[in-house]
2 protein chains.
Amino acid sequence: LLVFSFHGDKNAGFDLLYHNMKHGQIATKELAEFVRERAAIEETYSKSMSKMAKMASNGSPLGTFAPMWDVFRVSSDKLALCHLELMRKMNDLIRDINKYGDEQVKVHRKTKEEQVATLESVQAVQVQNGHLQKSREGYHSKCIELDRLRKEGAPQKELEKAELKSKKAAELFAVCIEKYNRVGGDFEQKMSESAQKFQDIEEAHLRQIKQLIKGYSHSIEDTHVQVGQVHEEFKQNVENIGIDNLIQRFAEQKGTGKDRPALVGFEEYMTASVPEGSKKSRGKAFRIPGLGKRDKEPDST
Amino acid sequence: LLVFSFHGDKNAGFDLLYHNMKHGQIATKELAEFVRERAAIEETYSKSMSKMAKMASNGSPLGTFAPMWDVFRVSSDKLALCHLELMRKMNDLIRDINKYGDEQVKVHRKTKEEQVATLESVQAVQVQNGHLQKSREGYHSKCIELDRLRKEGAPQKELEKAELKSKKAAELFAVCIEKYNRVGGDFEQKMSESAQKFQDIEEAHLRQIKQLIKGYSHSIEDTHVQVGQVHEEFKQNVENIGIDNLIQRFAEQKGTGKDRPALVGFEEYMTASVPEGSKKSRGKAFRIPGLGKRDKEPDST
């Protein structure tokens with residue numbers, strides 16, 4: 001592909017391919033920055049989740065709802081962990097990207113050295129092309145001069161001199177053509193090999209970048225799954241805390257007592273055998289007036 | 001449940017149940033704050049995703065990787081939308097929670113009025129209990145006095161006076177007992193009804209809160225599914241941009257030309273019939289030296 005598209009008059013193709021190779025380092029850097037940004041975002045989100053966990057743990061203990069805050073707290077803490085782990089994976093990925101970046105630089109340096117020959121052949125073509133143009137012009141101008149002298153009926157000596165010049169110019173032109181063609185053929189061979197080499201490098205580069213992006217995808221997906229599980233768990237936990245359960249919990253913790261106040265009965269005051277201030281009036285529990293038993297009349301002796 | 005657990009000596013149960021009902025407003029407020037916090041977090045995350053989309057759109061156009069940035073940009077933009085929508089849903093939920101909070105206040109006010117009778121019967125029990133204690137003490141002290149006078153062999157007139165006082169004290173005590181029992185029975189009936197009422201309110205409250213939490217869960221889940229789809233799409237898009245595709249795109253956009261430089265052939269300079277400066281040297285494409293055809297020798301005339 002590259003082999004076929006980077007020809008053209010000015011032989012700018014090689015230069016373009018070489019610099020395109022170097023541009024691969026930009027992609028690597030920018031990808032690292034992008035991932036770094038994502039890592040920062042996930043860290044922020046994780047901290048926010050921790051803040052929510054704190055809010056939940058600071059939920060008022062008053063009221064029957066209070067135990068529910070535990071569910072929110074646990075869930076928020078777990079989400080914080082999920083996103084913190086994603087941040088770590090992003091950081092690991094950045095290291096991998098940077099490592100690849102270092103390898104890239106090495107490959108590019110090595111390639112630069114290996115491509116010197118092609119670079120030189122590009123320059124050789126340009127040089128020979130210059131000679132070619134000059135020798136063509138020289139040849140044409142000598143022919144024009146000869147023609148002019150012939151038309152003017154110049155002396156034979158001058159004509160012979162002009163013919164000689166014309167012939168020498170033609171020979172020079174031919175030599176330049178031959179050199180140009182040879183150098184051109186050499187360039188074509190080297191350029192084909194170089195273009196293929198650059199293509200191989202580009203393919204390897206894109207393959208590696210795609211692998212890194214795959215790693216990026218996987219990390220995000222893993223976290224996504226974990227987060228989904230935390231949500232499921234949250235839903236279940238809320239479901240499991242029954243309303244009756246909450247009310248019962250409240251009754252057990254804050255209940256003032258299960259004993260109903262008792263009916264009071266009249267107790268005669270017994271002297272000597274009864275200790276001072278004894279309370280003997282605990283009796284049966286309260287009943288609806290009119291339905292319960294009544295105690296002794298107050299006039300017993 | 002509440003009906004059974006809020007008795008006890010000091011009749012503090014009613015007060016506790018009443019205030020527990022009011023505490024329900026705290027849960028509502030705190031839930032609203034919690035959801036508000038989540039809304040803010042999602043908005044922040046959404047903006048961060050937009051920032052990443054911008055980074056991607058600013059990806060260098062140099063190099064073969066450049067078209068890939070579109071995939072990142074599209075994905076980031078979609079994630080931004082997902083989280084923005086979650087923020088909106090959280091805001092809607094806050095409105096619902098606040099609306100419920102307003103209803104709660106109304107219910108509590110109404111309940112307060114309805115419970116005045118029970119509150120008054122609590123107070124009545126406490127008042128009658130006070131009278132009961134006093135009349136008991138009065139009765140006991142009269143008995144002790146009578147006993148003392150008898151032991152000392154006091155005159156009959158004093159004994160008869162003391163006996164009368166003792167009898168009247170006993171009657172008063174009995175009356176207080178009867179009043180206390182009556183008021184207590186009334187309290188028990190009212191308290192049972194009130195406790196049931198408070199329990200009904202609590203159940204309705206918790207039911208409503210759980211519904212609101214369900215709404216919270218659903219919104220988060222919906223967004224989670226959307227986000228998963230965006231991730232899938234990202235993966236697919238990366239997969240679909242083939243390496244060959246990228247290289248080809250680069251070749252088409254930056255290619256310097258498909259024409260291989262041509263071999264130059266010697267062209268005799270033709271005067272008169274050939275315009276000045278005509279280039280007739282375009283010929284066949286370059287071939288590997290030694291394998292290609294060679295052009296005419298330069299000594300043709």
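Chain letters run A, B, ... following the sequence lines, proteins first, then strands; residues in each count from 1. Here the structure is a predicted model, which means the values were calculated and not measured. Values reported hereafter were calculated over all heavy atoms of this structure, with side chains retained and with hydrogens, waters and symmetry mates removed.
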Practice problem: Could you tell me the separation between the CG atom of A:L206 and the CG atom of B:L246, rounded to the nearest 0.5 Å? | Solution: 5.5 Å
Quiz prompt | Nearest atoms (heavy-atom pairs only) where B:S217 meets A:K235 | solution = OG-CG, 3.5 Å
Exercise. Identify the residue among A:M21, A:E202, A:H23 that makes a side chain to side chain contact (heavy atoms under 4.5 Å, CB included) with B:T64.
Key: A:E202
Quiz item: When heavy-atom pairs shorter than 4.5 Å are enumerated against chain B, which of A:M52, A:E37, A:R207 gives the highest number?
Solution: A:M52
Quiz item: If you tally heavy-atom pairs under 4.5 Å against chain A, which of B:G24, B:G59, B:A66, B:S166 wins?
Solution: B:G59
Practice problem: Check whether any side-chain heavy atom of A:M49 sits under 4.5 Å from a side-chain heavy atom of B:I41, and report yes or no. | Solution: yes
Quiz item: Looking only at heavy atoms, what is the nearest atom pair of B:I177 and A:F266, with distance?
Solution: CD1-CA, 3.5 Å
Quiz item: Are any non-hydrogen side-chain atoms of A:K22 and B:L62 less than 4.5 angstrom apart?
Solution: no
Quiz item: Between B:F234 and chain A, which part of the residue has a heavy atom less than 4.5 Å away: side chain, backbone, both or neither?
Solution: side chain
Exercise. Output, in order, the C-alpha distance, side-chain angles, deciding distance and verdict of side chain to side chain contact (heavy atoms under 4.5 Å, CB included) for B:Y269 and A:F173.
Key: CA-CA 11 Å; B:Y269 183 75; A:F173 183 34; over 6 Å; no
Self-check item: Spatial distance of atom CZ (B:F65) from atom CG (A:L31) [nearest 0.5 Å]
Solution: 5.5 Å
Quiz item: If we only count heavy atoms from C-beta on, is the B:K214 to A:V238 side-chain gap below 4.5 Å?
Solution: no
Quiz item: In terms of heavy-atom proximity below 4.5 Å to chain B, should A:I26 be classed as side chain, backbone, both, or neither?
Solution: side chain
Quiz item: So which of B:S60, B:A56, B:A40 has the biggest tally of heavy-atom pairs under 4.5 Å with chain A?
Solution: B:S60
Quiz prompt | Proximal component of B:H205, with respect to chain A [non-hydrogen, under 4.5 Å] | solution = side chain
Self-check item: Contact origin within A:S76 toward chain B - heavy atom pairs under 4.5 Å
Solution: side chain
Quiz item: Can you check whether A:H224 reaches B:V227 side chain to side chain, under 4.5 Å on heavy atoms?
Solution: yes
Quiz item: Where does A:H218 contact chain B at under 4.5 Å (heavy atoms): side chain, backbone, both or neither?
Solution: neither
Quiz item: Nearest 0.5 Å, what's the CE-CD distance between A:M55 and B:E33?
Solution: 5.5 Å
Quiz item: How far does CG of B:D244 sit from CD of A:E203, to the nearest 0.5 angstrom?
Solution: 6.0 Å
Exercise. Go through the atoms of A:I209 and report whether side chain, backbone, both or neither lie under 4.5 Å from a heavy atom of chain B.
Key: side chain
Quiz item: Would you call B:E239 and A:K210 a salt bridge, taking side-chain N to carboxylate O under 4.0 Å as the test?
Solution: no
Self-check item: Intermediate values then yes/no, side chain to side chain contact (heavy atoms under 4.5 Å, CB included), B:R136 and A:V264
Solution: CA-CA 11 Å; B:R136 176 188 286 114; A:V264 176; 4.2 Å; yes
Self-check item: Engaged part of A:Q25 at the chain B interface, taking heavy atoms whose separation is under 4.5 Å
Solution: neither
Exercise. For B:F72 and A:I213, run side chain to side chain contact (heavy atoms under 4.5 Å, CB included): C-alpha distance rounded to whole Å, both residues' side-chain angles, the deciding distance at 0.1 Å, then the answer.
Key: CA-CA 10 Å; B:F72 285 93; A:I213 294 173; 3.8 Å; yes
Quiz prompt | Gap between atom CD1 of A:I243 and atom CD of B:Q199 - 0.5 Å precision | solution = 11.0 Å
Quiz item: If you look at every heavy atom in B:R38 and A:Y45, which pair is closest and at what distance?
Solution: NH2-OH, 3.3 Å
Quiz item: When only pairs under 4.5 Å are counted, which of B:E252, B:M68, B:H231 shares the most heavy-atom pairs with chain A?
Solution: B:H231
Quiz item: For the residue pair A:E268 and B:Y139, what are the closest heavy atoms and their distance?
Solution: CA-OH, 3.6 Å
Practice problem: Measure A:L79 against the heavy atoms of chain B and call it side chain, backbone, both or neither at under 4.5 Å. | Solution: side chain
Quiz prompt | Euclidean distance, B:F198 CZ relative to A:I247 CD1, rounded to 0.5 Å | solution = 13.0 Å
Quiz item: Is A:E30 close to B:W69 at the side-chain level, that is, under 4.5 Å between some pair of heavy atoms?
Solution: yes
